[in-house]
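This report concerns only the one structure given below.
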Amino acid sequence: MKDILISGASIAGPALAWWLHHHGFAPTLVEKAPAPRPGGHAIDIRGAALDVVRAMGIEDAIRDRRTQMKGVSKLDADGNEVWRSEEMTISGGSFGKQAIEIMRDDLSRILLSALPDDIEIIYGDSVVSLDEAEAGVAVSFEKSPARRFDLVVGADGLGSAMRKLVFGPDERFLHPFDVVLAPYSAPNIIGLEDWQLTYDSGTDSCMIYTAPGNRDLRVCFGFSAKLGDVPADRAGQMALVRRECGHMGWHVPELLDAMEQSRDFYMGPMAQVRMDRWTRSRIALVGDAAYCPSPLTGQGTSLAIVGAYALAWELSRSPDDHAAAFARYEERMRPFVSRNQAIAELTRDPRFSEDPGYYVEVIEPAMEAAEYAVELEGLG
Ligand SMILES: Cc1cc2nc3c(=O)[nH]c(=O)nc-3n(C[C@H](O)[C@H](O)[C@H](O)COP(=O)(O)OP(=O)(O)OC[C@H]3O[C@@H](n4cnc5c(N)ncnc54)[C@H](O)[C@@H]3O)c2cc1C
């Protein structure tokens with residue numbers, strides 16, 4: 001058993017490909033986007049995930065690209081500062097911790113660059129059907145000719161097409177929090193320097209912060225919406241942001257204008273994926289596709305990296321018995337996933353955005369307890 005197809009090349013996909021290759025498998029990545037996808041907010045690598053990137057030899061490259069923010073201010077509807085902290089940011093937590101905050105696209109680029117040249121990456125394509133047989137899986141693609149693989153892994157994110165194809169419709173597994181997030185990059189039109197802002201209009205809010213170097217801002221609007229209310233097309237999604245957030249004052253009108261020009265606008269529901277099993281027959285899911293904890297936990301990327309490691313490790317322990325490897329992967333990851341998904345309940349508390357003390361006294365200890373709640377073998 002050698003050839004493994006991985007659908008999705010953001011975080012979980014390339015991390016899994018790296019570790020599978022390391023253990024002597026031949027992974028192939030297929031990514032729907034025509035090239036590595038730009039965009040995404042600051043994400044965090046914590047706890048066991050740090051041990052994994054260290055073992056891959058990419059920790060320094062990641063630290064070199066980490067965000068450089070020196071603090072956060074909360075602004076009221078008129079743009080006046082209500083409170084500030086120079087000890088933490090909302091997105092990255094308290095300073096002085098081991099955790100690394102980095103932009104999603106920077107991390108994805110570093111993971112993709114770390115892949116050996118003989119790993120095939122097919123961009124601009126996706127799996128349309130799987131036909132499982134005794135000896136493997138016959139895979140049909142939207143564009144490429146059909147091929148056979150020994151195993152197939154879905155690392156295709158929250159809206160995973162692989163999950164729908166193999167396990168069933170979203171309604172069974174997606175638990176939405178009825179909030180939609182719309183992050184994008186904009187030129188630094190407000191002259192912010194190494195800083196984060198949360199702007200609260202009274203009814204809605206947005207978060208704004210500098211990308212490393214201060215040339216660009218990352219802006220993220222968040223508002224109430226049901227899963228079914230999110231249009232599939234970019235123009236419809238931007239129109240929804242304008243409809244929901246157009247009433248906001250301060251610099252929001254300029255930031256909304258910049259959204260129209262943004263090359264990396266992204267819209268995603270705030271939701272968790274909860275499944276009883278992440279594997280079936282010759283197919284497995286990893287990362288957000290399997291167990292997205294939602295941005296409310298700040299742990300999606302760490303779960304994806306650790307999950308990728310654990311899956312590759314278990315396959316390496318029994319390369320000719322994928323069923324046993326899948327069972328061990330489920331067993332190893334289940335408590336880690338449950339513990340990290342539970343953080344969402346704590347961050348949904350209104351005190352999370354109102355009281356910096358709540359973050360330090362309640363959220364941070366819970367995260368610290370969860371980030372190492374998995375036993376990883378073989379990391380040296
Ligand atoms: C553009 C983008 C912006 C994001 N912004 C944020 C953010 O601001 N805040 C946050 O907390 N999280 C964000 N995320 C999610 C975050 O990256 C994940 O929570 C986490 O890092 C786990 O990564 P993942 O690889 O499991 O999933 P993802 O990072 O979601 O990656 C899934 C990958 O699969 C690809 N894909 C999707 N469908 C198919 C298909 N049918 N065939 C092939 N490939 C497919 C996608 O293009 C993507 O590259 C974003 C993800 C993306 C793709």
Side-chain angles (χ1 to χ4, degrees), residues 5-17 28-46 49 67 90-92 101-109 111-112 121-130 139 141-144 152-166 179-185 206-207 209 211 218-222 232 234 237 262-273 278 285-308 311 337 340-341 344 347:
L5 178 69
I6 304 166
S7 173
S10 171
I11 307 294
L16 178 64
T28 299
L29 283 155
V30 58
E31 163 60 51
K32 188 169 73 170
R37 287 183 63 162
H41 244 296
I43 45 92
D44 303 288
I45 308 173
R46 294 195 181 87
T67 61
I90 303 282
S91 60
E101 187 183 52
I102 182 170
M103 298 299 172
R104 186 209 66 90
D105 44 3
D106 283 340
L107 176 60
S108 185
R109 219 177 358 253
L111 287 165
L112 286 165
I121 309 181
I122 307 165
Y123 283 105
D125 207 350
S126 54
V127 172
V128 287
S129 72
L130 302 169
V139 180
F141 297 91
E142 216 173 280
K143 297 177 189 151
S144 310
V152 175
V153 182
D156 48 352
L158 180 64
S160 172
M162 190 65 70
R163 190 181 62 234
K164 289 193 255 289
L165 206 57
V166 178
V179 171
V180 163
L181 296 181
Y184 61 91
S185 300
C206 67
M207 186 184 274
Y209 49 82
R218 299 285 167 117
V219 182
C220 184
F221 286 97
R234 191 180 141 105
Q237 292 172 351
S262 179
R263 67 193 167 93
D264 60 10
F265 174 84
Y266 173 78
M267 181 173 275
M270 186 95 89
Q272 287 193 338
V273 175
W278 303 310
L285 299 176
V286 69
D288 273 8
Y291 30 73
C292 176
S294 88
L296 283 170
T297 70
Q299 287 289 80
T301 301
S302 293
L303 287 188
I305 291 171
V306 169
L311 180 56
V337 167
N340 281 287
Q341 288 196 328
T347 52

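Indexing begins at 1, ligand by ligand and atom by atom, following the structure's order.
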Checklist entry - Among the heavy atoms of A33, does any lie under 4.0 Å from an atom of ligand 1? => result no
Item to check | T301, any N or O under 3.5 Å of ligand 1 N or O | outcome: yes
Can you name the atoms of ligand 1, numbered from 1 with element, that are less than 4.0 Å from a heavy atom of [X]?
X: A155; value: 32 (C), 33 (C), 34 (O)
X: P183; value: 8 (O)
X: G287; value: 26 (O)
X: A304; value: 22 (C)
X: P295; value: 11 (O)
X: A161; value: 41 (N)

Checklist entry - side chain to side chain contact (heavy atoms under 4.5 Å, CB included) with L5: which of V153, L29, V127? => result V127
Starting from [atom], find the nearest protein heavy-atom neighbour and note its residue, name and distance.
atom: atom 5 (N) of ligand 1; answer: G40 CA, 3.3 Å
atom: atom 27 (O) of ligand 1; answer: G157 CA, 3.6 Å
atom: atom 14 (N) of ligand 1; answer: R104 CD, 3.9 Å
atom: atom 6 (C) of ligand 1; answer: H41 N, 3.9 Å
atom: atom 44 (N) of ligand 1; answer: K32 N, 3.1 Å
atom: atom 19 (O) of ligand 1; answer: D288 OD2, 2.6 Å
atom: atom 42 (N) of ligand 1; answer: S126 CB, 3.1 Å
atom: atom 25 (O) of ligand 1; answer: A12 N, 2.9 Å

Item to check | Pair V273-Y291, side-chain contact (heavy atoms from CB on, under 4.5 Å): steps then yes or no | outcome: CA-CA 5 Å; V273 175; Y291 30 73; 5.7 Å; no
For [X] and [Y], work out which heavy atoms get closest and say how close.
X: A12; Y: A304; result: CB-CB, 3.9 Å
X: I6; Y: A155; result: CG2-CB, 3.9 Å
X: S262; Y: Y184; result: OG-CB, 3.5 Å
X: G307; Y: V286; result: C-CG2, 3.6 Å
X: A49; Y: V306; result: N-CG2, 3.6 Å

Next on the checklist: Out of the candidates K143, E142, K32, only one should pair with S126 under the side chain to side chain donor-acceptor pair (under 3.5 Å) rule; please name it.
Outcome noted: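 Between S126 and the candidates, side chain to side chain donor-acceptor pair (under 3.5 Å) is satisfied uniquely by E142.
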Checklist entry - Between I11, D264, I43, which one has a non-hydrogen atom sitting closest to atom 23 (O) of ligand 1? => result I11
Next on the checklist: Please compare S10, G124, P36 and report which has the shortest non-hydrogen distance to atom 33 (C) of ligand 1.
Outcome noted: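 The residue whose heavy atom sits nearest atom 33 (C) of ligand 1 is S10.
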Checklist entry - Does ligand 1 have a heavy atom under 4.0 Å from the side chain of V30, from its backbone, from both, or from neither? => result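 Answer for V30: backbone.
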Checklist entry - Under 4.0 Å from ligand 1, counting heavy atoms only, is it the side chain of E31, its backbone, both or neither? => result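 Contact part for E31 vs ligand 1: both backbone and side chain.
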Next on the checklist: For the residue pair R104 / S10, report whether a side-chain donor-acceptor contact shorter than 3.5 Å exists.
Outcome noted: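 Checked: S10/R104 side chains pair up, N/O donor to acceptor below 3.5 Å.
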Checklist entry - Should T297 and L303 be marked as a side-chain contact (heavy atoms from CB on, under 4.5 Å) after you check the CA-CA gap, both sets of side-chain angles, and the distance that decides it? => result CA-CA 11 Å; T297 70; L303 287 188; over 6 Å; no
Next on the checklist: side-chain contact (heavy atoms from CB on, under 4.5 Å), that's the test. Do D105 and R37 meet it? Break it down for me.
Outcome noted: CA-CA 7 Å; D105 44 3; R37 287 183 63 162; over 6 Å; no
Next on the checklist: Checking R218 against S185 for the side-chain contact (heavy atoms from CB on, under 4.5 Å) test, could you report, in this order, the C-alpha distance in whole Å, the side-chain angles of both residues, the deciding distance, and whether it holds?
Outcome noted: CA-CA 5 Å; R218 299 285 167 117; S185 300; 3.2 Å; yes
